[in-house]
Chemist: 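Pasting in a structure now, in structure tokens, and then I'll have a few things to ask.
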Amino acid sequence: MSHHRAWAQIDLDAIAHNIAVIRRRAGARVRIMLVVKADAYGHGAVAIAHHAVRCGVGALGVGTSAEALELRESGLRAPILVLGTIVDEEAAPALRHGVEIGIHSSDRVQMLAKVAKQLGCVARVHLNIDTGMGRLGVLPERAISLLEEIREATNLDLRGVMTHVSSAKGALDPESSRQVQAFEAVLAAARRRDLLQGWIHVANSAAIFTGLAAGYDTVRPGISAYGILPGGLPGAQELKTAMTLCSQIVFLKDVPAGANVGYDSTWTASAGTRIATLPLGYNDGVSWRLGNRGEVLVRGQRAPVIGRVSMDYTTIDVGHIRDVKVGDQAVLFGSAGTQDLSLEEVARKAGTIPYEITCSVGKRVPRVYVGGEDMVLPGQSPSIGARPPLDAALKPHTPSR
Ligand SMILES: *Cc1c(COP(=O)(O)O)cnc(C)c1O
């Protein structure tokens, strides 16, 4: 039990397990660039990144330079790539801290070369090729001339070439193979001109678990490291969901038939029942769309969400659950002993994807880390029972149960 009113419990052993599963799938020689954008999908980027590096992860991927700098300030020395792009103002601080940057245009090449020159440093860049995502990235037909421009630019060092697959089904979607072929064609042309250097990376979680784009030296998993593989892809059962969103029950109330609950009175008791109030709402990661749709685990049983979810509170019907007490734990997703309420199910009920659910666990919900003490470093025999000291970065988050 935690002393918090609501908390997200994050199991570092589950993350270590998932990274080991990813390593087995991707191949032992393949570098894992763990994607920790959006505060590690809501799991807490600093703690996750330090833990992941101890698990043998070789690089981190982030969404913005501020996210990269947060990791640097926490003492993380591993390579960090801003996967997408940066605006001009982000360049100097990012380069000063050796952050690598994804680029896709002549304009970004020139800007970064200029800033790097002013700072007297080298900008490390990864060329992003748009093979079908249609978002960032240079189109294949422009890629070679951009590689030439990178080679010509002073103070610029090509550290990688990448593309991003748009399908959530990986190799199970024919469009993905088309994307990989387009990427391969660029690589071949670049190789012929001796323009290729650095890491080559394509695969997100769906690609890794379906064997798409295997054979490159680096993979970029995100969601699977957190224990989720949407869409019932092969290997989903091997993963362990790292996050469990919990709260205490803070109030119990017996109401008569006809009682209304919540904003707009969207729920009315058809018979007398017992209502429990949970101290977290849509600001904390309980989707507003779960009103009158979601379920919560209490004492190993499911209790329906009744009425609207509000900003700070959620109400559930516990009339059918015996011996409920104020202070009992309620689980909004994740595992509660033998019972599971999967993120996939909650996401489906909320009409969204699991990614959005963990990302929207709010700032005021403390992350409580469990596990992670008994680490075995890569290449070390498990029998040694290595027990490196907890990272300084983990200390403020010492488990409280
Ligand atoms: C978010 C992201 C990933 C990770 O994707 P998952 O589906 O979470 O594995 C990989 N590459 C890029 C460019 C991304 O933006």
Side-chain angles (χ1 to χ4, degrees), residues 15 18-19 21-23 25-26 30-43 45 48-49 52 57-65 67-68 79-86 99-104 125-138 159-173 175-176 179-180 183 198-214 216-236 238-239 241-243 343-344 347 352-360:
I15 303 250
N18 298 333
I19 290 171
V21 171
I22 291 165
R23 180 164 297 291
R25 291 257 168 188
V30 172
R31 177 184 304 106
I32 297 177
M33 179 190 293
L34 180 66
V35 178
V36 293
K37 66 193 178 200
D39 206 19
Y41 295 34
H43 293 68
I48 297 298
V57 157
L60 287 311
V62 296
T64 69
S65 65
E67 292 180 332
I80 305 174
L81 172 64
V82 178
L83 295 162
T85 189
I86 60 166
V99 174
E100 307 185 14
I101 297 163
I103 55 169
H104 51 252
V125 298
H126 293 234
L127 180 67
N128 184 6
I129 298 166
D130 176 16
T131 55
M133 182 68 186
R135 195 175 58 177
L136 299 166
V138 61
R159 285 299 181 108
V161 179
M162 63 183 282
T163 191
H164 194 37
V165 173
S166 66
S167 173
K169 296 200 181 71
L172 306 183
D173 185 336
E175 169 60 15
S176 306
Q179 282 192 251
V180 173
F183 185 64
W199 306 347
I200 308 224
H201 45 108
V202 176
N204 60 4
S205 296
I208 294 165
F209 281 79
T210 56
L212 181 80
Y216 298 128
D217 57 26
T218 304
V219 292
R220 302 190 308 263
I223 195 89
S224 54
Y226 308 110
I228 310 142
L229 195 59
L233 294 180
E238 297 169 36
L239 300 171
T241 306
M243 185 191 286
L343 257 171
E344 283 250 273
T352 182
I353 51 175
Y355 297 72
E356 193 184 34
I357 302 276
T358 64
C359 283
S360 57

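Source: prediction; values computed, not measured. In listed order, ligands and their atoms are each counted from 1. We're numbering straight along the sequence, starting at 1.
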Chemist: What protein heavy atom sits nearest atom 7 (O) of ligand 1, and how far away is it?
Modeler: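 The protein heavy atom lying closest is Y355 OH, 2.6 Å.
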Chemist: Would a line drawn from the ring center of Y216 to the ring center of F183 be shorter than 6.0 Å?
Modeler: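 Yes, ring centres under 6.0 Å apart.
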Chemist: With rounding to the nearest 0.5 angstrom, report the CG to CD1 distance, L81 to I101.
Modeler: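 L81 atom CG to I101 atom CD1 measures 8.5 Å (nearest 0.5 Å).
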Chemist: Quick one: which ligand 1 atoms are inside 4.0 Å of a heavy atom on V35?
Modeler: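 Going through ligand 1 atom by atom, the ones under 4.0 Å from V35 are 1 (C), 3 (C), 4 (C), 10 (C).
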Chemist: Can you tell me which residue and heavy atom of the protein come closest to atom 10 (C) of ligand 1, and the distance to 0.1 Å?
Modeler: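 I find the closest protein heavy atom is R220 O, 3.3 Å.
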Chemist: Identify the closest protein heavy atom to atom 12 (C) of ligand 1: which residue and atom is it, and at what distance?
Modeler: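 Protein heavy atom with the smallest distance to atom 12 (C) of ligand 1: H164 CE1, 3.3 Å.
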Chemist: Is there a nitrogen or oxygen of G222 sitting under 3.5 Å from a nitrogen or oxygen of ligand 1?
Modeler: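 Yes, G222 has an N/O under 3.5 Å of an N/O on ligand 1.
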Chemist: So, Q179 and S166: side-chain donor and acceptor under 3.5 Å apart, yes or no?
Modeler: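 Note: Q179 and S166 side chains meet the donor-acceptor criterion.
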Chemist: Nearest protein heavy atom to atom 9 (O) of ligand 1, by residue and atom, and its distance?
Modeler: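 Here the nearest protein heavy atom works out to S205 OG, 2.5 Å.
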Chemist: Hey, is the main chain of A225 close enough, under 3.5 Å, to the side chain of N18 for a donor-acceptor pair?
Modeler: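 Pair found, side chain donor or acceptor close to backbone of A225.
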Chemist: Which of the numbered atoms in ligand 1 are below 4.0 angstrom from a heavy atom of Y41?
Modeler: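 In order of number, 1 (C), 4 (C), 5 (O), 6 (P), 8 (O).
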Chemist: Between the side chains of H201 and R31, is a donor N or O closer than 3.5 angstrom to an acceptor N or O?
Modeler: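 Not at all, the side chains of H201 and R31 share no donor-acceptor pair under 3.5 Å.
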Chemist: Which part of I223 is near ligand 1, with near meaning a heavy atom under 4.0 Å away: side chain, backbone, both or neither?
Modeler: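 Both backbone and side chain of I223 come within 4.0 Å of ligand 1.
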Chemist: How close does the nearest protein non-hydrogen atom get to atom 2 (C) of ligand 1, and which residue and atom is it?
Modeler: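 Ranked first by proximity to atom 2 (C) of ligand 1 is K37 NZ, 2.6 Å.
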Chemist: For the atom pair CD1 (I103) and CG (L127), what is the distance rounded to the nearest 0.5 Å?
Modeler: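 Output value for this atom pair is 6.0 Å.
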